[in-house]
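A short worksheet on the structure shown next.
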Amino acid sequence: MKKTNFISNFSKTVDAHEFDLSANSVGKIKSYGDGVLKVSGLDDAQAGELIDLGNDQTGLVLNLEEDEVGIVSLSQSQSLSAGQTVKRTGKILSIAASDKIIGRIVDPLGNPLDGKEKITADKQMLLEQIAPGVMSRESVNQPLQTGIKAVDAMIPIGRGQRELIIGDRQTGKTAVALGTILNQHDQDVICIYVSIGQKRSSLAQITEILEKNNAFDYTCIVSASASESAAVQFLAPYAGVAVAEYFLNKGKDVLVIYDDLSKHAQAYREVSLLLRRPSGREAYPGDVFYLHSRLLERACKLNKNHGGGSITALPIIETQANDVSAYIPTNVISITDGQIYLESDLFNAGMKPAINVGLSVSRVGSSAQIKPMKQVAGSMKLDLAQFRDLQAFAQFSSDLDAKTKEQLDRGQRVNEVLKQGWDKPLKVEEQITIIFAAVNGLLDQIDLKNIVKWEELFLDFLRSSHKQLLKNIVKGEKLSETEVDDLKKVIESFNKLHPELTLKTQ
Amino acid sequence: MKITVTTAEKLNANQLKTIKSAISKKHPKLKLDIHEKLDENLIGGLQIMIGSKMYDASVKNKLAEIKTQLIKLN
């Protein structure tokens, strides 16, 4: 730009600018420390309002007291000093949402973290919003396919459900959630992954996985990493659900993953203690239940008159030494509609995903399960329950009668079939055929070691030469007797084609 | 309510009178309990604090506003 040009432009801007001479509500910083400001003045500040701290920094009003206001800073705030004046903005915390947010990584305030351009707001979505009311909702009636056999068969999740993923560290909690995201590529579901207090290295890893699998075409990440202030971490899940609500209002189905809410509760505890709010059990403040309940209540399935969209929530909780009776786990278990319980013992025994089927439940999802899946899953639960009973018993005695042995063999195979790589989600019709084979004894002749191989080959076989069969299953009608017979014949003929997979002793 | 008038240079009696009448025009019921304060950082103009409400017509604030305006345009 030429110099004269610059000066004329400059003076034009200055001339055109209208100075704000209206009354501003201001306050004086009394103290600042650990990200918390005590401010006098600001008589008419509202709770949850944004405060202008100067130098493009903002704070959030959390405490209103008689002669001071407690504010948490949402930025680094290195230049704050006592005695400095701060201003009300009259704005309530919100995040800029638009269709372009898909494929992006943003912080809870909507700033891009992926080095790409700023997201222009189609709509400002409030972080704190009341959940949809009773009249606009309907019961869960559509399945959300996770692509994981153990989940889709026995702990089915419906769109609009809140299903907790709980377990110790290193048990594959995030893997279950990520696998679910990968499986949504053809399901018309928008995924939002909220990362709270995670290492930046893990976030980089997750980003890489999603990118490699083209999952960013329908996924957005909201991240407040461990190096972010506790206040920002505390806001992250609300920002995530606010973005989800933007798509919900357009009648879309959304899946939100909160990874994880234990760290979220810890961040909130930090903020609360610094604000000197009274602490209760495990030093968490009294409203830590409300913290999570108001978040998870925003998961919903809306009825046709309200767009018919849904928000499915998969919160993650990390337990310490399998202790689900700690404060935060019990809270979130009671809020959600069921839990997927992961165990390190199972994980170490090679059972991946390490889902404890006995302790995991889904309270509403079964009504959304498609009929053929219900058909095969019923006998599967029974087989596994019997297997677990017998397994404990069989450890004591070596010679078992034929029937017991048969049940044990069956159980082992059904159990084996549940093993699955987290990044290999299966379509529901494929899951059904495999579970069908296992529970109908069609795998009894297959060597236990070869089950994984069998599954792989069988799926290739089905995909290439029995497409119609798969299509019939996915229609969702109950399998008729002829269809059941057909499926049996297909599996039997496949087994004959592959004698190398059967037990050697026969 | 406490009223503080901050300026860069000391006000003369005439200026003070004008300010007082302006305040009582805007807030007729207010008891005028005016405290004067000097702050060279304002450069020029004045700031009036009434309780926790502030009317800021200082040169310092105007410059700050122009700064944000220019950054926005960039």
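Here the structure is a predicted model, which means the values were calculated and not measured. Lettering follows sequence order; numbering is per chain, from 1.
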[X]: side-chain contact (heavy atoms from CB on, under 4.5 Å) partners, not counting sequence neighbours:
X      : answer
B/A22  : none
A/I130 : none
B/L11  : B/V5, B/T7, B/Q15, B/L16, B/I19, B/E36

So which donor and acceptor atoms of chain B and chain A come within less than 3.5 Å of each other?
| unit_1 | atom_1 | unit_2 | atom_2 | d |
| --- | --- | --- | --- | --- |
| B/S52 | O | A/V26 | N | 2.8 |
| B/S52 | OG | A/D43 | N | 3.3 |
| B/S52 | OG | A/D43 | OD2 | 3.3 |
| B/K53 | NZ | A/D44 | OD2 | 2.8 |
| B/M54 | N | A/N24 | O | 2.6 |
| B/M54 | O | A/N24 | N | 2.8 |
| B/E65 | OE1 | A/H17 | NE2 | 2.8 |
| B/E65 | OE1 | A/D20 | N | 3.4 |
| B/Q69 | OE1 | A/H17 | ND1 | 3.4 |

